[in-house]
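Single-structure report; data block below.
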Amino acid sequence: MSIPALKLNTGALMPAIGLGVSAGRSKQSRSEAQNWVQWALESGYRHIDTAWIYRTEKAVGHAIRASGILRPDVFVTTKLPWHHASRVEESINDSLQNTGLQYFDLYLMHFPQVAAYKDNSFDTPENPRDFDKILDKPTLNEVWADMEKVLISGKVKAIGVSNFSIKTLEQLLTTAVITPAVNQVELHPYLAQKELVAYCQGKGIAVTAYTPTGKETVRADPIIVDLAATYNVSAAQIILAWHIERGTAAVPKSANRERQRENINLPKLSTGDIESINALDHNERIANKAGPDGKMLGWTYEQLGW
Ligand SMILES: NC(=O)c1ccc[n+]([C@@H]2O[C@H](COP(=O)([O-])OP(=O)(O)OC[C@H]3O[C@@H](n4cnc5c(N)ncnc54)[C@H](OP(=O)(O)O)[C@@H]3O)[C@@H](O)[C@H]2O)c1
């Protein structure tokens, strides 16, 4: 099956499979990302998903230049971190400088919350989840208004959100002049988020799945493993094909050339097999789940609408 593209509400096309470029916490693993981003581009990837907080923007910029691929031929996403909420312009300028790109194809508000580190620093501590406090201001509506200004400036071609629920999207839409082009959320067979996907698609908001293969937890599910044997592909290929059938995009991360190739060569699943995968949903978060205090980045699931 060839990989389709999703048409965004801006009219732009976003390839439905992108390469996730979250690369761990060490300086070395982040700079090594340049190699595997370049392999992915050589293998045919034309959608790259990074974020200011991943510290891989530099590696992404180097890889794109080294690949020789023309800038308009690759779709690049980055994200505004929660502690830059009142410094949106400064943050996008920093992301552009990190990558050396003139613009991003998509700029996402990484989380609906607004947080601050000690002394309101622009930088992050070793563990970005060690923020100092959650703030009431600016509100997510005010942050979105600043995102809209970035769009008008031409530094990004589309704006969107990440980790938003129906609840937080409804809140955002009370004041938004521009409807988000994309909502990037955790999505895999154990967390199918059927209502959220239908809500977004009904409003013309494309949905992108993060942690799309559900890591080893979902890849090792016996139903997925059986289907992989039936289609003679890997578990990841079965799960990614399921995303495509749902009309959602996905950004699997792989630093391995072989697995990168697998992830863009997907089988066409039968209706019955799609239904068997749908039946695995039990609302289980794998990537971003609440800590022992019941909170995710300072908010309860109730506040997040998760
Ligand atoms: N917006 C957000 O808040 C948010 C949160 C989390 C993630 N994300 C985005 O989503 C991307 C992917 O998320 P993720 O890394 O959590 O989940 P994932 O892509 O589902 O899983 C990545 C893991 O699966 C392995 N893998 C990839 N393809 C495979 C295959 N075909 N067979 C077997 N193993 C395979 C990778 O190992 P190898 O590298 O060794 O192949 C890696 O350990 C991130 O890079 C980031 O861009 C966004």
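Both counts, for ligands and for their atoms, begin at 1 and track the order of listing.
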Provide, to 0.1 Å, the distance between atom 20 (O) of ligand 1 and the closest protein heavy atom, together with that atom's residue and name. Thr213 OG1, 2.7 Å

Any atoms of ligand 1 less than 4.0 Å from a non-hydrogen atom of Ala236? List them with their elements. 30 (C), 31 (N), 32 (N)

Which of the numbered atoms in ligand 1 are under 4.0 angstrom from any heavy atom belonging to Gly214? 20 (O)

Ring-ring centroid check Tyr117 His84, cutoff 6.0 Å: no

Answer yes or no: does atom NZ of Lys295 have more than 12 heavy-atom neighbours from other residues, nucleotides or ligands under 6.0 Å? no

Relative to the heavy atoms of His110, which atoms of ligand 1 are at a distance of less than 4.0 Å? 1 (N), 2 (C), 3 (O)

Please confirm whether Arg257 makes a cation-pi placement over Trp36, using NZ or CZ under 6.0 Å from the six-membered ring centre and within 45° of the ring normal. no

What part of Ser254, side chain, backbone, both or neither, has a heavy atom within less than 4.0 angstrom of ligand 1? both

Under 6.0 Å from the ring centre and within 45 degrees of the ring axis: does the NZ or CZ of Arg261 meet both conditions for the six-membered ring of Tyr45? no

Atom 12 (C) of ligand 1: the protein heavy-atom neighbour that sits closest, reported with distance to 0.1 Å: Val251 O, 3.1 Å

Which is it for Pro212 and ligand 1 at heavy atoms under 4.0 Å: side chain, backbone, both or neither? both

Which protein heavy atom lies closest to atom 48 (C) of ligand 1, and at what distance to 0.1 Å? Tyr54 OH, 3.0 Å

Nearest protein heavy atom to atom 3 (O) of ligand 1, by residue and atom, and its distance? Asn163 ND2, 2.9 Å

May I ask you to decide whether Glu170 forms a salt bridge with Lys167, counting only side-chain N to carboxylate O separations under 4.0 Å? no

Between Asp105 and Arg46 (salt bridge meaning N to carboxylate O under 4.0 Å), is one present in this structure? no

Numbered atoms of ligand 1 (with element) below 4.0 Å of Ser22, judged on heavy atoms: 44 (C), 45 (O), 46 (C)

Is ligand 1 under 4.0 Å from a heavy atom in the side chain of Arg219, in the backbone, in both, or in neither? side chain

Please identify which atoms of ligand 1 are closer than 4.0 Å to at least one heavy atom of Gly20. 11 (C), 44 (C), 45 (O), 47 (O)

Does Lys58 NZ have over 12 foreign heavy atoms under 6.0 Å away? no

To the nearest 0.5 Å, what is the distance between OG1 on Thr50 and CG on Leu108? 11.0 Å

Going by the closest heavy atom to atom 27 (C) of ligand 1, which one wins out of Glu262, Glu186, Arg259, Lys253? Lys253

Cation-pi geometry met for Lys79 and Tyr107 (6.0 Å, 45°): no

Would you say Glu89 has more than 12 foreign heavy atoms packed within less than 6.0 Å of its CD? no

Under-4.0 Å heavy-atom contact with ligand 1, by part of Val185 that carries it: neither

Who's the nearest protein heavy-atom neighbour of atom 7 (C) of ligand 1, and how far? Tyr210 CD1, 3.6 Å

Classify the ring geometry between Tyr301 and Trp306 as parallel (under 30°), tilted (30 to 60°) or perpendicular (over 60°). tilted

Should Lys268 and Glu245 count as an ion pair when the cut-off is N to O under 4.0 Å? yes

Taking N or O atoms only and a 3.5 Å limit, does Ala255 qualify as a polar contact for ligand 1? yes

Flag yes if more than 12 heavy atoms outside Asn232 fall under 6.0 Å of its CG atom; otherwise flag no. no

Do any non-hydrogen protein atoms sit less than 4.0 Å from atom 43 (O) of ligand 1? no

Counting heavy atoms only, which part of Thr50 comes closer than 4.0 Å to ligand 1: side chain, backbone, both or neither? neither

To which protein heavy atom is atom 1 (N) of ligand 1 closest, and what is the distance rounded to 0.1 Å? Ser162 OG, 2.9 Å

Starting from atom 17 (O) of ligand 1, what is the nearest protein heavy atom, named by residue and atom, and what distance separates them? Thr211 CA, 3.2 Å

Nearest-contact summary for atom 47 (O) of ligand 1 - protein heavy atom, Å: Asp49 OD2, 2.7 Å

